[in-house]
Amino acid sequence: MEDTQQTVRVRLCQTFGDRVRERVALAALTTFRTGGPADWMLETSDPNDLVAAVRATRALGLPLTVMGGGSNVLVGDGGVRGLVLRMRHGAVSLVGSSGVRADGGVTLNGLVRWTIRRGLAGLERWAGTPGTVGGAVHGNAHFDSRVLGDMVTSVGLVDRTGTVSCVPRAEMGFGYDASRVQHTGELVLWAEFRVAPGEVGALRAGARRSLAFRKRTQPLDRASAGCVFQNPRPEDGPLPEDVPRSAGALIDRVGMKGRRVGGAVVSAVHGNFIVNEGGATASDVRGLIELCRAAVSQRFGITLREELIYVGEF
Ligand SMILES: Cc1cc2nc3c(=O)[nH]c(=O)nc-3n(C[C@H](O)[C@H](O)[C@H](O)COP(=O)(O)OP(=O)(O)OC[C@H]3O[C@@H](n4cnc5c(N)ncnc54)[C@H](O)[C@@H]3O)c2cc1C
């Protein structure tokens, strides 16, 4: 066991030097502020490190987990085995006159600001979405009935064998909360987005509208991972006419707002947000998720599915 650990240490240090750290607490690196440590952790802005990490961990038989802003994950209390690669920052550049390319670790907010400053329209409604380009492509980040995938033209991916490819939008399998990388395990190196000329003042106003809507409807002063559940689809079953097809509305209707398990509470502001009121464990959050799911299922016959992603050991 100690031998294996030493081999892993040596090999990871050969590849990444002293940038690799051992047993790193993850709670502070997620917006939920819960969960245990990563066995190994590398923070990088360089997409090439992602390719190197895939190859090194594959050679070692070590699990590899990629994180961006940690804003859509619940990390288990037992932590994450293997290497956690945290993508932070990166480059943004113009591609011709109507495209922008951003590395996977660029924050979505940073990208929105970058485009607005240059009078490039198309991404401003995603202002205020926490997390990175990589995480947003993975989950096809949505806002105001629009999905980010509609703005994507191509994505640079690395598969789990270390092979890099450039994939056009039509092959990305974008859907509601869905993209092909959720099934293939491919990792996002960069993404290119379609933009159009716009007036800076109008773009700023558009971004401010998104931010104001969030402020009004979301508990932004509390630790959370955004919406816990996906909204139910028509094929999930019928709902009474006066009940909106919204997970938050269903949770509200079954009286779960304010319900608590340990330090985790269903937000009084938005029924689809669970907030960490302080000291919540991942198992508190998970317990509360199951209570919400059971209550909605019992009353409406609809089984809610998580939008949130579970990472590591619970
Ligand atoms: C207050 C709040 C509001 C939110 N509002 C919205 C909203 O309006 N719309 C919305 O869609 N979401 C929203 N979210 C959820 C979250 O911000 C998005 O899902 C975001 O895109 C996640 O990005 P991330 O970098 O934080 O991903 P992480 O949470 O770090 O990871 C999420 C998943 O993406 C994978 N991933 C991360 N980077 C990569 C990569 N480079 N390649 C491949 N896979 C990768 C991870 O492995 C994980 O499976 C909100 C969250 C919060 C806390």
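Read the numbers this way: they start at 1 and go in the same order the structure lists the ligands and their atoms.
The aromatic rings of H142 and Y176 lie tilted to each other, with the angle between the two planes from 30° to 60°.
With a heavy-atom cut-off of 4.0 Å, I309 touches ligand 1 through its side chain alone. Contact annotation: for H142 versus ligand 1, heavy atoms closer than 4.0 Å belong to both the backbone and the side chain. Proximity of A225 to ligand 1, defined as any heavy-atom pair under 4.0 Å, is confined to the backbone N, CA, C and O atoms. At a 4.0 Å heavy-atom cut-off, ligand 1 touches T132 through backbone and side chain alike.
In terms of protein heavy-atom proximity, atom 2 (C) of ligand 1 is nearest to P130 CG, 3.6 Å. The closest protein non-hydrogen atom to atom 24 (P) of ligand 1 is G69 N, 3.4 Å. Distance from atom 13 (C) of ligand 1 to its nearest protein heavy atom, with residue and atom name: T129 CG2, 4.1 Å. Nearest to atom 38 (N) of ligand 1 among the protein's heavy atoms is G135 N, 3.4 Å. Here the protein heavy atom with the shortest distance to atom 42 (N) of ligand 1 is V188 N, 2.8 Å. Atom 53 (C) of ligand 1 has G226 N, 3.3 Å as its closest protein atom, hydrogens excluded (heavy atom only). Scanning all protein heavy atoms for the shortest distance to atom 22 (C) of ligand 1 gives S71 OG, 3.4 Å. Annotation: atom 31 (O) of ligand 1 to nearest protein heavy atom, V73 CG1, 3.7 Å.
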Inset, instruction - Check step by step if side chain to side chain donor-acceptor pair (under 3.5 Å) holds for R286 and T281. - result: CA-CA 9 Å; R286 225 163 152 170; T281 62; over 6 Å; no
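Here E277 does not pair with R260 in a salt bridge; the nearest charged N to carboxylate O distance is not below 4.0 Å. A salt bridge is defined here as a Lys NZ or Arg NE, NH1 or NH2 lying under 4.0 Å from an Asp or Glu carboxylate O, and D49 with R19 meets this definition.
In this structure, T15 OG1 and L83 CG are separated by 10.0 Å, a value rounded to the nearest 0.5 Å.
With ligand atoms numbered from 1 in the order given, ligand 1 contributes 53 (C) to contacts under 4.0 Å with heavy atoms of T31. Within the listing of ligand 1, atoms 42 (N), 43 (C) sit less than 4.0 angstrom from a heavy atom of L187. Listed by number with element, the atoms of ligand 1 under 4.0 angstrom from any heavy atom of L220 are 1 (C). Shown in contact with A141 at under 4.0 Å from a heavy atom are these atoms of ligand 1, numbered in order with element: 11 (O). Those atoms of ligand 1 with a heavy atom of G131 less than 4.0 angstrom away are 23 (O), 24 (P), 25 (O), 26 (O). For ligand 1 and Q218, the ligand atoms under 4.0 Å from any heavy atom of the residue are 3 (C). Of all the atoms in ligand 1, the ones that sit under 4.0 Å from a non-hydrogen atom of F143 are 8 (O). Using a 4.0 Å cut-off to heavy atoms of S224, the atoms of ligand 1 that qualify are 53 (C).
The distance criterion of under 3.5 Å between nitrogen or oxygen atoms is met by G70 with respect to ligand 1. Backbone and side-chain nitrogen or oxygen atoms of V66 are examined, and one is located within less than 3.5 angstrom of a nitrogen or oxygen of ligand 1. Of the N or O atoms in F273, none lie within a sub-3.5 Å distance of an N or O in ligand 1. Taking only nitrogen or oxygen atoms, main chain and side chain alike, R214 reaches within less than 3.5 Å of ligand 1.
The cluster map of Ile, Leu, Val, Met, Phe, Trp and Tyr, joined by side-chain heavy atoms under 4.5 Å apart, puts V181 and V84 in different clusters.
Across all their heavy atoms, A136 and L108 have their closest contact at CB-CD2, 3.8 Å. Summarising the geometry of G82 relative to D39, their closest heavy-atom pair is N-OD2, 3.0 Å, with the distance given to 0.1 Å.
Under a cutoff of 6.0 Å and an axis angle of 45°, R305 and F229 do not form a cation-pi pair. Within the cation-pi definition used here (under 6.0 Å to the ring centroid, within 45° of the axis), R180 does not qualify as a partner of F174.
A side-chain contact (heavy atoms from CB on, under 4.5 Å) with R125 is found for exactly one of M151, R209, R146, namely R146.
There is no side-chain donor-acceptor pair under 3.5 Å between D46 and T44. No side-chain donor-acceptor contact under 3.5 Å links R160 and T184.
Counting heavy atoms from C-beta outward, L239 and R245 have side chains that approach closer than 4.5 Å.
Considering only non-hydrogen atoms, atom 49 (O) of ligand 1 lies nearest to H138 out of R222, H270, H138.
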Without placing hydrogens or testing angles, list every side-chain donor-acceptor pair under 3.5 Å for residues 63-77, not counting sequence neighbours.
unit_1, atom_1, unit_2, atom_2, d
D77, OD1, A282, N, 2.8
D77, OD2, A282, N, 3.3
D77, OD2, S283, N, 3.0

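Under a 4.0 Å heavy-atom criterion, A136 is in contact with ligand 1.
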